[in-house]
Chemist: 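There's a structure below that I have some questions on.
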Amino acid sequence: QVQLVESGGGLVQAGGSLRLSCAASGRAFSSLSMGWFRQAPGKEREFVAAISRSAGSTTYADSVKGRFTISRDNAKNTVYLQMNSLKPEDTAVYYCAAKGVQWNFVSSTYTNSREYDYWGQGTQVTVSS
């Protein structure tokens, strides 16, 4: 089992920045491919960003490309999502997700929520106009 705990959400004005963190425990963090998803009220959960277990590969949704950066610190068992130039449409609950992958998929990232095995409880991000 893997436990994921997100933090760093809050209220920010449009154009501002936030950094989300997701701390993992229960399994070797370096064996996990990680992702961030978000869900706005009345909408389906959508992919935001993903990072491979090696941190050598990242993938972003088109809507956040150039504004958000995903990174990980395997020594701290933590994945981050740096969010800059925030827009009101970025308002959502942000979820961290983890997927255990074998060594031969060390550079793979995953954009489909159904591929992930573990989820955090979510953290609210609200961007005011």
Side-chain angles (χ1 to χ4, degrees):
Q1 276 295 86
V2 174
Q3 292 77 44
L4 302 172
V5 179
E6 301 100 333
S7 61
L11 174 64
V12 64
Q13 287 189 332
S17 299
L18 282 175
R19 188 176 82 154
L20 305 183
S21 300
C22 173
S25 61
R27 177 171 172 168
F29 185 66
S30 59
S31 72
L32 301 171
S33 184
M34 303 297 294
W36 286 96
F37 291 77
R38 66 187 182 186
Q39 187 167 18
K43 295 188 177 182
E44 293 187 352
R45 189 171 299 188
E46 65 174 0
F47 168 74
V48 175
I51 188 166
S52 63
R53 58 175 279 187
S54 68
S57 300
T58 57
T59 304
Y60 296 92
D62 287 343
S63 59
V64 307
K65 207 170 290 184
R67 300 188 297 122
F68 291 10
T69 302
I70 188 171
S71 62
R72 64 189 294 161
D73 185 338
N74 284 355
K76 295 183 177 180
N77 293 347
T78 301
V79 63
Y80 304 98
L81 184 68
Q82 178 66 44
M83 305 185 295
N84 298 329
S85 302
L86 283 161
K87 305 175 181 179
E89 52 263 44
D90 293 319
T91 295
V93 177
Y94 283 71
Y95 296 92
C96 173
K99 174 181 174 61
V101 296
Q102 300 300 313
W103 65 270
N104 49 323
F105 294 99
V106 67
S107 296
S108 297
T109 58
Y110 303 87
T111 62
N112 190 327
S113 62
R114 288 189 290 269
E115 296 184 280
Y116 286 86
D117 306 308
Y118 308 100
W119 292 85
Q121 81 288 350
T123 186
Q124 176 70 47
V125 172
T126 303
V127 184
S128 63
S129 57

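None of these values were measured; they are calculated from a predicted model. The figures here come from the full heavy-atom set of this structure, side chains too, leaving out hydrogens, waters and symmetry mates.
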Chemist: One pair to check against side chain to side chain contact (heavy atoms under 4.5 Å, CB included): L4 and M34. What are the steps and the verdict?
Modeler: CA-CA 11 Å; L4 302 172; M34 303 297 294; 4.1 Å; yes

Chemist: Under the rule for salt bridge (charged side-chain N to carboxylate O under 4.0 Å, His left out), what residues qualify as partners of R72, not counting sequence neighbours?
Modeler: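 Partners of R72 by the salt bridge (charged side-chain N to carboxylate O under 4.0 Å, His left out) criterion come out as none, since no residue qualifies.
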
Chemist: Below 3.5 Å, can you tabulate the donor-acceptor pairs from side chains in residues 99-114 to any protein atom, sequence neighbours excluded?
Modeler:
unit_1 : atom_1 : unit_2 : atom_2 : d
K99    : NZ     : E115   : O      : 3.4
T109   : OG1    : T59    : OG1    : 2.7
N112   : OD1    : R114   : N      : 2.9

Chemist: Can you run down the salt bridge (charged side-chain N to carboxylate O under 4.0 Å, His left out) pairs that involve residues 5-31, sequence neighbours left out, and say none if there aren't any?
Modeler: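 Of all non-adjacent pairs touching residues 5-31, none passes salt bridge (charged side-chain N to carboxylate O under 4.0 Å, His left out).
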
Chemist: Check whether any side-chain heavy atom of R45 sits under 4.5 Å from a side-chain heavy atom of Y95, and report yes or no.
Modeler: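 R45 vs Y95: side chains touch.
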
Chemist: Which residues satisfy the side chain to side chain donor-acceptor pair (under 3.5 Å) test with S7, sequence neighbours excluded?
Modeler: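 With sequence neighbours excluded, S7 shows a side chain to side chain donor-acceptor pair (under 3.5 Å) to no residue whatsoever.
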
Chemist: According to side chain to side chain contact (heavy atoms under 4.5 Å, CB included), who are the partners of E44, at least two apart in sequence or on a separate chain?
Modeler: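 Result, side chain to side chain contact (heavy atoms under 4.5 Å, CB included) vs E44: none returned.
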
Chemist: Any pair with a residue in residues 25-71 that passes ring-ring contact (aromatic ring centres under 6.0 Å, His included), sequence neighbours left out, goes on the list, sorted by first then second residue, please.
Modeler: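 Listed once each, the pairs are F37-F47, F37-Y116, F37-W119.
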
Chemist: Using 0.5 Å steps for rounding, measure from the OG atom of S128 to the CG atom of L11.
Modeler: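 Here the rounded value is 5.0 Å.
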
Chemist: For a 4.5 angstrom cut-off between non-hydrogen side-chain atoms, does L20 reach V79?
Modeler: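 A side-chain contact under 4.5 Å is absent here.
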
Chemist: Go through the structure and list residues passing side chain to side chain contact (heavy atoms under 4.5 Å, CB included) with A23, not counting sequence neighbours.
Modeler: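 Applying side chain to side chain contact (heavy atoms under 4.5 Å, CB included) to A23 gives T78.
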
Chemist: Could you check if a side-chain atom of R38 sits within less than 4.5 angstrom of a side-chain atom of T123, using non-hydrogen atoms only?
Modeler: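 The answer is no; the side chains never approach within 4.5 Å.
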
Chemist: Looking at S33, is its backbone amide N or carbonyl O close enough to the side chain of R53 to form a donor-acceptor pair, meaning the two atoms are under 3.5 Å apart?
Modeler: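 The answer is no, because no donor-acceptor pair under 3.5 Å joins these two groups.
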
Chemist: Output side-chain donor-acceptor pairs under 3.5 Å for residues 80-88, partner residues at least two apart or in another chain, one line each.
Modeler:
unit_1 : atom_1 : unit_2 : atom_2 : d
Q82    : NE2    : N84    : OD1    : 2.9
N84    : OD1    : S17    : OG     : 2.9

Chemist: Checking D62 now: which residues fulfil side chain to side chain contact (heavy atoms under 4.5 Å, CB included) with it, not counting sequence neighbours?
Modeler: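 Scan of D62 (side chain to side chain contact (heavy atoms under 4.5 Å, CB included), adjacent residues dropped) gives K65.
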
Chemist: Do Y118 and V93 share a hydrophobic cluster (ILVMFWY, side-chain heavy atoms under 4.5 Å, transitive)?
Modeler: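 Unlinked, Y118 and V93 end up in two clusters.
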
Chemist: Measure the shortest side-chain to side-chain distance between L32 and V2 over non-hydrogen atoms and say whether it is less than 4.5 angstrom.
Modeler: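 SC-SC contact between L32 and V2 confirmed.
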
Chemist: Just how far is it from atom CD of Q1 to atom CG of D117, taken to the nearest 0.5 Å?
Modeler: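 Separation between the atoms: 9.5 Å.
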
Chemist: Can you list every pair that meets disulfide bond (SG atoms under 2.5 Å apart) and has a residue in residues 64-129, with sequence neighbours left out?
Modeler: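 Qualifying pairs: C22-C96.
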
Chemist: Look at the side chain of T91 and the backbone N and O of T126, then say whether any donor-acceptor pair between them is shorter than 3.5 Å.
Modeler: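 Checking the backbone N and O of T126 against the side chain of T91, no donor-acceptor pair under 3.5 Å is found.
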
Chemist: Which residues satisfy the salt bridge (charged side-chain N to carboxylate O under 4.0 Å, His left out) test with E89, sequence neighbours excluded?
Modeler: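 Expected list: none.
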
Chemist: Filter on disulfide bond (SG atoms under 2.5 Å apart), then keep only pairs touching residues 29-69, sequence neighbours left out; what's left?
Modeler: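 Residue pairs passing disulfide bond (SG atoms under 2.5 Å apart), neighbours aside: none found.
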
